[in-house]
2 protein chains.
Amino acid sequence: MTSAGGRPGGTAPRSVDVARLAGVSQKTVSRVLNGERYVSDDVRRRVLDAAGELGYRLNSAARALASGRTRSIGVVTLGTALYGPASLLIGVERAARDAGYALRVVNTLEGDPGGVVGAVESLLEQGVDGIVVSEPIDEGAVSLSVDVPVLVLGAPVTFGGTRTVATGVGAELLARTATEHLLDLGHATVHHLAGPERWFAARDRTEGWRSALTARGRERPAVLAGDWSAASGYEAGRTLAADGDVTAVFAANDDMAIGVIRALTEAGRRVPDDVSVVGFDDIPVAAYVTPPLTTVRQPFDAVAREGLRLLVRAIEKPDAEPAPANDPPVELVVRASTAPPPTR
Amino acid sequence: MTSAGGRPGGTAPRSVDVARLAGVSQKTVSRVLNGERYVSDDVRRRVLDAAGELGYRLNSAARALASGRTRSIGVVTLGTALYGPASLLIGVERAARDAGYALRVVNTLEGDPGGVVGAVESLLEQGVDGIVVSEPIDEGAVSLSVDVPVLVLGAPVTFGGTRTVATGVGAELLARTATEHLLDLGHATVHHLAGPERWFAARDRTEGWRSALTARGRERPAVLAGDWSAASGYEAGRTLAADGDVTAVFAANDDMAIGVIRALTEAGRRVPDDVSVVGFDDIPVAAYVTPPLTTVRQPFDAVAREGLRLLVRAIEKPDAEPAPANDPPVELVVRASTAPPPTR
DNA sequence: ATGAAAGCGCTAACAC
DNA sequence: GTGTTAGCGCTTTCAT
């Protein structure tokens, strides 16, 4: 419920109007509304009452112009409804709001040349106090020097610019854990279905898979390339099904894993009896597909919150040391899509 | 790539700086940058060059303060990574950007009392030119009178306020189509697993189901209630499996349908041989689960674009008639989770 | 086709 | 504790 704010003339009330009604100066209104100290309780109450009565709302454009800060954070995100990016966005929004920042969002479409640069440019024009780049893909070396702090979510720091922080680089470890799970089950080696190579997130996972195999001196099969979609998983699955030696597959996300399982099943190869499959993300349906999917859980919310904490710190205490990121916990969720290899 | 904007003093260049460099007045710079007419090509070029050289960027706070418009649209969205809401957000962002508007996003957590009202309030404070409320849930009658146009996505207009438009109310028809598909297959009736009753989207679908049954004079079984999650679908599925008369189920979204299928399968009831299941949304994995899911596709992108078109129109031509929404097309995707009922 | 002057509604710096 | 005075960087209105 919002009172209509009935100032004569139909325009929105300004802080002078509140001041007049409360019988104080305009600056005092500003003080109260910004929670500054040195205001008597009596005055504070009168101001608040007057503001309420008028239906007064701060004008953030004026505030931004005068203070040089917008109290807003810009987010550059891929325009996909994928579970990971969507979850990160939610986490970021919530953490930003808790910290008192509004969110401005710009999507970059995959394949859009200059996408990230253009997006950042537009956020800068909007005057954001900080920028979050979520799940970046690379499109050539992005070197934009930006005068606000930047948080890169899900990738190592590669952006130029002095004030950059990063979190969520733990995916490599998660991927390694997934691969080791399969190896521990007795599989001789593990095939890998990767995401698009331009995504850092995809390369991270491939790296984790590779290092697990290398550490145990296992043969490293050629990597299959998908595009995160179940459809691409299905395609890859058909290839995999044709190769009788395949007993274990690590897919870089759950959607692709589901596609792989479908293709395997159609080809008459049972999961997990003949072939084990593990996914990545733990999307909400993962526990309910057939067979329930063994996967690795990404703590999206924790990653987003932690990242935003660092970003806000960088915004508000520009001189403080860049605090190190606390890497989030690893969690492997074992369900029914993995088992020991068939004995023959 | 962004030039550092080397004005002496380290502050960002302003339009006067550009004017000075180009040898014109500050107002002329403003004219060029806003694409106004009556600027000679020569002057335009000089201004643009000077701006480029300085790395000049418009200050949107100043512009907003002076013009009274922010060229931004606020979005109120539920804080979920569900496919539907996420897809809508992407469509809205893209359409807004194409129309020259920036996006400000606020999430409301489910169950947060006063969520929508608070979110709208905060957007108003940010000075948005229009507001999009995506997939609203009701939390008591929300009657906030707002002085900017509001677009409600996925719900009939119920917000107070004079300038409200709506789109995406076609879900009822889609749900009806899904139910009729089952009836056409020969099922005596169709059981329904609904979403949370507080969501308009859930009620719409239930309504469509109900009307299909009523139109054919069929018995209407009690509605089961889920929360959109596969887990809740699984719960409901167990109940359904215990009832030998159930041969057809319409779940209000794909995630729940997947949960239902899982429970049915575990209970030894085959899908689609014993029981048919249809979902709603056509999430990307729907074609690859076992069995591939028959579902109904929501044209999220079209709904979002159409809605935004109406909203922008309402913003820019306040006096024009509220153009009617073009309802998007119905699309039933028949896959393998539905079949005629078992003969006995 | 271009320019000069006057604010938009707030916060910053300083005075009292 | 509270008030005064200047801007913040643009767009608007009106001249020219």
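In what follows, chains carry the letters A, B, and so on, assigned in the order in which the sequence lines appear, proteins first and then strands, with residues in each chain numbered from 1.
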K.L.:
I need the CD-P distance between Gln126(A) and dC10(D), as an integer number of Å.
P.N.:
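My rounded result for the distance is 15 Å.
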K.L.:
For Gln26(B) and dT11(D), give me the distance from atom CD to atom P, rounded to whole Å.
P.N.:
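So the two atoms are 8 Å apart, to the nearest Å.
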K.L.:
State whether Ser25(A) places a side-chain N or O below 4.0 Å from either non-bridging phosphate oxygen (OP1 or OP2) of dG3(D).
P.N.:
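Yes, Ser25(A) has a side-chain N/O under 4.0 Å of OP1/OP2 on dG3(D).
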K.L.:
Want to settle it: does Ala66(B) or Tyr38(B) sit nearer the 5' end of DNA chain C, counting the closest nucleotide to each?
P.N.:
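On the 5' side of the pair lies Tyr38(B).
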K.L.:
For dT2(D), does OP1 or OP2 lie under 4.0 Å from any side-chain N or O of Ser40(A)?
P.N.:
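So the side-chain polar atoms of Ser40(A) do come within 4.0 Å of the phosphate oxygens OP1 or OP2 of dT2(D), strictly under.
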K.L.:
Without decimals, in angstroms, what is the distance between Arg20(A) CZ and dG3(D) C1'?
P.N.:
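So the CZ-C1' distance, Arg20(A) to dG3(D), works out to 15 Å.
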K.L.:
What is the distance, rounded to the nearest whole Å, between atom CZ of Arg63(B) and atom C1' of dT11(D)?
P.N.:
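To the nearest whole Å, that distance equals 9 Å.
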K.L.:
Counting only side-chain nitrogens and oxygens, does Tyr56(B) get under 4.0 Å of the OP1 or OP2 atom of dC10(D)?
P.N.:
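Tyr56(B) to dC10(D) OP1/OP2: side-chain N or O found under 4.0 Å.
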K.L.:
Do Arg45(A) and Asp49(A) meet the salt-bridge criterion of a basic N to acidic O distance under 4.0 Å?
P.N.:
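Yes, this pair counts.
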K.L.:
On the nucleotide dT2(D), are OP1 or OP2 found under 4.0 Å from the side-chain N or O atoms that Thr28(A) carries?
P.N.:
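The answer is no; no side-chain N or O of Thr28(A) sits under 4.0 Å from OP1 or OP2.
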K.L.:
Does a side-chain N or O from Ser30(B) land closer than 4.0 Å to OP1 or OP2 of dC10(D), or not?
P.N.:
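The answer is no; no side-chain N or O of Ser30(B) sits under 4.0 Å from OP1 or OP2.
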K.L.:
Whole angstrom is fine here: how far is it from CG in Leu65(A) over to P in dC10(D)?
P.N.:
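Rounded to whole Å, this separation is 9 Å.
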K.L.:
Could you check whether Asp42(A) pairs with Arg46(A) (Lys NZ or Arg NE/NH1/NH2 to Asp/Glu carboxylate O, under 4.0 Å)?
P.N.:
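Salt bridge flag = yes for Arg46(A) with Asp42(A).
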K.L.:
Do Ser60(B) and Glu125(A) get their side chains close enough for a donor-acceptor pair, meaning under 3.5 Å?
P.N.:
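Distance-only check fails for Ser60(B) and Glu125(A).
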K.L.:
Is there a side-chain contact between Tyr101(A) and Leu308(A) (heavy atoms, below 4.5 Å)?
P.N.:
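They are not in side-chain contact.
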K.L.:
Judged by modelled atom types alone, do Thr77(A) and Asn107(A) share a side-chain donor-acceptor pair under 3.5 Å?
P.N.:
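On atom types as modelled, these side chains do not qualify, holding no pair under 3.5 Å.
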K.L.:
Categorize Val24(B) for me: base, sugar-phosphate, or nothing, with a 4.0 angstrom heavy-atom threshold over every strand shown.
P.N.:
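Touches sugar-phosphate only.
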K.L.:
Between Arg31(A) and Ala62(B), which has a closest nucleotide on DNA chain D that is more 5'?
P.N.:
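Its nearest nucleotide lies further toward 5', so the answer is Arg31(A).
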K.L.:
Does Arg14(B) place a side-chain N or O at less than 4.0 Å from the phosphate oxygens OP1/OP2 of dG9(D)?
P.N.:
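Affirmative; the distance criterion is met.
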K.L.:
How many Å lie between NZ on Lys27(B) and C1' on dT12(D), as a whole number?
P.N.:
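Going from NZ in Lys27(B) over to C1' in dT12(D) covers 7 Å.
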K.L.:
To the nearest Å, how far apart are Arg69(A) CZ and dG9(C) P?
P.N.:
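That distance rounds to 23 Å.
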K.L.:
Taking only side-chain nitrogens and oxygens of Asn34(A), does any of them come within less than 4.0 Å of OP1 or OP2 of dT11(C)?
P.N.:
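Checking dT11(C) against Asn34(A), a side-chain N or O does come within under 4.0 Å of OP1 or OP2.
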K.L.:
In whole angstrom, give the distance that lies between atom CG of Leu58(B) and atom P of dC10(D).
P.N.:
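So the CG-P distance, Leu58(B) to dC10(D), works out to 6 Å.
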